[in-house]
Amino acid sequence: EESNDIEINDDELQVKSDDKKVTRSTSRRYVMKQLIDNNKNLYAQKGSRSMGTDILIDKDPTFKIKYSNSKSYEDFPCGWYRVNKSELSKYDMYIFCIANEGEYEVVLVSQEDMSKLIKLKEHDTNEDYHFYICVLEDKRVVDTREKEEIDMSNNYEDWTLVDRLIKSK
């Protein structure tokens, strides 16, 4: 079995429930580990602005991922995010990570699903689409930012989405 260049220690991924701030770096390492663990022969690493991606996938360096993280703003997992209209054509996938009481809840969205979602939303004067994504007790995932809840349950922890999208390119 191949070894990865990056070692991700499970202890580094734990978030203490009394921590006020969850770093983007820690939550992104968690997501990269899940992507690696759930996708055969896939390696994920930290991207950069110059690469044009927040997470780089070695199987396809042209595959672009927008990564966003948020602490929870409720007693249950709920995170606030925004995606600018100009970013909609730049990414193949969007990942929203909520840090809540030492756990991460992750929503993975394809470009196709994002296009459907934004049709149900209004952007602000800066052309930002706002998302308030909550994981409810019954594990339904909803965006509650609009007048009507938008169901995102199919996108909840869909770790193999990246592999399916790359194969379909």
Stepwise side chain to side chain contact (heavy atoms under 4.5 Å, CB included) check, Q34 with V106: CA-CA 10 Å; Q34 293 302 313; V106 183; over 6 Å; no
Please round to the nearest 0.5 Å and tell me the distance separating atom [atom1] of [X] and atom [atom2] of [Y].
| X | Y | atom1 | atom2 | value |
| --- | --- | --- | --- | --- |
| L56 | K46 | CG | NZ | 12.0 Å |
| C134 | N100 | SG | CG | 10.0 Å |
| I166 | I57 | CD1 | CD1 | 5.5 Å |
| I55 | K66 | CD1 | NZ | 11.5 Å |
| I65 | D54 | CD1 | CG | 8.5 Å |
| D113 | L161 | CG | CG | 7.5 Å |

If hydrophobic residues (ILVMFWY) are linked whenever their side-chain heavy atoms come closer than 4.5 Å, directly or via other members, who joins [X] in its cluster?
| X | result |
| --- | --- |
| L136 | F76, V142 |
| I118 | Y81, V83, L88, Y91, Y94, F96, I98, V107, V109, M114, L117, L120, Y129, F131, I133, V135, V141, I150, M152, Y156 |
| W80 | Y73, Y132 |

Donor + acceptor pair across side chains of S25, T23 (<3.5 Å): no
Backbone N/O of M93 and side chain of S110: donor-acceptor pair under 3.5 Å: no
Backbone of D128 reached by a side-chain donor or acceptor of N126 within 3.5 Å: no
Chi angles and distances behind the side chain to side chain contact (heavy atoms under 4.5 Å, CB included) call for K139, E105: CA-CA 10 Å; K139 291 298 182 190; E105 307 288 347; 3.9 Å; yes
Minimum heavy-atom distance between S27 and C97, given as atom pair plus value: CB-SG, 3.9 Å
Heavy-atom closest contact (G79 atom, S70 atom, distance): CA-OG, 3.4 Å
More than 12 heavy atoms from other groups under 6.0 Å of CD on E74: yes
Results of side chain to side chain contact (heavy atoms under 4.5 Å, CB included) for D163 - residues two or more places apart only: N39, K59, K167
Salt bridge (Lys or Arg N to Asp or Glu O under 4.0 Å) partners of residues 117-127, not counting sequence neighbours, each pair once: K121-D143, K121-E146
Note, W159 side chain near I36 side chain (heavy atom, < 4.5 Å): no
Within residues 135-169 or reaching into it, pairs that qualify as disulfide bond (SG atoms under 2.5 Å apart) - sequence neighbours excluded: none
